[in-house]
There are 2 protein chains.
Amino acid sequence: MANNLAFAALSDPTRREVFERLAAGPSAVGDLARGLPVSRPAVSQHLKVLKEAGLVTDRPDGARRVYQIDPQGLGQIRAWLDRFWDVALDAFKAEVERSEAASIKSDEDRT
Amino acid sequence: MANNLAFAALSDPTRREVFERLAAGPSAVGDLARGLPVSRPAVSQHLKVLKEAGLVTDRPDGARRVYQIDPQGLGQIRAWLDRFWDVALDAFKAEVERSEAASIKSDEDRT
DNA sequence: CAAGATTGTTAGCCATGGCTTACCGTAAGC
DNA sequence: GCTTACGGTAAGCCATGGCTAACAATCTTG
């Protein structure tokens, strides 16, 4: 149950922004920071969190360090969500029917 | 782009626990709190956040209040994730090939 | 080898948020 | 109508975490 790391990682707006930019293609830390409203160390810290959550991978490239999307963390969240998707739809359907039944009943009561 | 609410809501472990319990079936606030290590007002506050994120729905039931899973917020997160799923897999595949190519090249350099 | 570039790390600051206690409103039952 | 049960809200406390500035480490280049 390590998905809490992935959820916590994506709960921060700046981190989601970093993640979305990496989805457009691999990038180095400095290049990422240049397009964001926060400092480079901040981006570096965000990348560390994303990495520990299995959402990105990094690879050395000379003095630079290239980060890239990792499907692993994404898959964990997807799997967690899918556990509730069907039951959520069923619950919603049942609720609609229950609500309509109550509505019809109140109509009958009025007659 | 209201998915930030859903992500922030599910980033808290207690809130995910509440959500999972509701996935097992609709429940009132007190019943939920009785099975959790936090106080009832805490659960009430969590439910408020989940509700604003479109993850649960509430309906009055006498003096009680029954909460239930709502597929809307879940769908938002799923849609957001699906935007990156394919590109993440492609990036992963490309990385594997790049990595293997570099490995082969270093082997050649050694001969 | 020296200088510049790129990145990770630490210390410290401050806002956010989760939790509890106390209180208030509302609905059910005697 | 009064009491009891149920749930939302406000105030306050404290831990978490995101940010910046300063520093250290590593790599490239002349």
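Proteins come first, then strands; the chains are lettered A, B, ... in the order of their sequence lines, and each starts at number 1.
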Just how far is it from atom CH2 of B:W80 to atom CZ of B:F7, taken to the nearest 0.5 Å? 5.0 Å

Mind calculating the distance between CG (A:L36) and P (C:dT7) to the nearest angstrom? 13 Å

Of all residues at least two apart in sequence or in a different chain, which pass the salt bridge (Lys or Arg N to Asp or Glu O under 4.0 Å) check with A:R15? none

Between the two ends of the helix from C:dC1-D:dG30 to C:dC30-D:dG1, what is the bend in degrees, rounded to 10 degrees, where each end axis spans five pairs? 20°

Hey, where on DNA chain D does chain B first and last touch, going 5' to 3'? Cut-off is any atom under 4.0 Å from a heavy atom. D:dC6 to D:dA10

Length of the line joining A:D61:CG and C:dG8:P, which is rounded to integer Å: 13 Å

Which residues satisfy the side-chain contact (heavy atoms from CB on, under 4.5 Å) test with B:Q72, sequence neighbours excluded? B:D70, B:Q76

List the atom of B:E52, the atom of B:L5, and the distance in Å for their closest heavy-atom pair. O-CD1, 3.7 Å

Return the polar atom pairs (N/O with N/O) between nucleotides 19-22 of chain C and the protein under 3.5 Å, or none.
{"unit_1": "C:dC19", "atom_1": "OP1", "unit_2": "B:T14", "atom_2": "OG1", "d": "3.1"}
{"unit_1": "C:dC19", "atom_1": "OP2", "unit_2": "B:H46", "atom_2": "NE2", "d": "2.2"}
{"unit_1": "C:dT20", "atom_1": "OP2", "unit_2": "B:S39", "atom_2": "N", "d": "2.8"}
{"unit_1": "C:dT20", "atom_1": "OP2", "unit_2": "B:S39", "atom_2": "OG", "d": "2.7"}
{"unit_1": "C:dT20", "atom_1": "O4", "unit_2": "B:Q45", "atom_2": "NE2", "d": "3.2"}

Nearest-0.5 Å distance that lies between atom CG in B:L50 and atom CD in B:Q45: 12.0 Å

Following the transitive rule for hydrophobic clusters with a side-chain heavy-atom cut-off under 4.5 Å over Ile, Leu, Val, Met, Phe, Trp and Tyr, establish whether B:L55 and A:F84 coincide in one cluster. yes

Minimum heavy-atom separation for B:W85 to A:G75, with atom names? CZ3-N, 3.5 Å

Could you state the CG-P distance from A:L47 to C:dT6, rounded to the nearest angstrom? 16 Å

Pair B:L22-B:L47, side-chain contact (heavy atoms from CB on, under 4.5 Å): steps then yes or no: CA-CA 10 Å; B:L22 285 181; B:L47 287 169; 4.0 Å; yes

Worked verdict on B:Y67 versus B:V18 for side-chain contact (heavy atoms from CB on, under 4.5 Å): CA-CA 10 Å; B:Y67 283 78; B:V18 170; over 6 Å; no

Mind jotting down which residue pairs meet the salt bridge (charged side-chain N to carboxylate O under 4.0 Å, His left out) criterion with at least one end in residues 54-67 of chain B? Sequence neighbours excluded, please. A:E95-B:R59, B:D31-B:R64, B:K51-B:D58, B:D58-B:R65

Closer to the 5' end of DNA chain D via nearest nucleotide, is it A:A63 or B:G30? B:G30

State plainly whether one hydrophobic cluster holds both B:I69 and A:L81, where clusters connect Ile, Leu, Val, Met, Phe, Trp and Tyr through side-chain heavy atoms under 4.5 angstrom apart. yes

Please report, rounded to the nearest Å, how far the P atom of C:dT26 is from the CZ atom of B:R65. 13 Å

Under 4.0 Å between a side-chain N or O of B:R64 and OP1 or OP2 of C:dT26? no

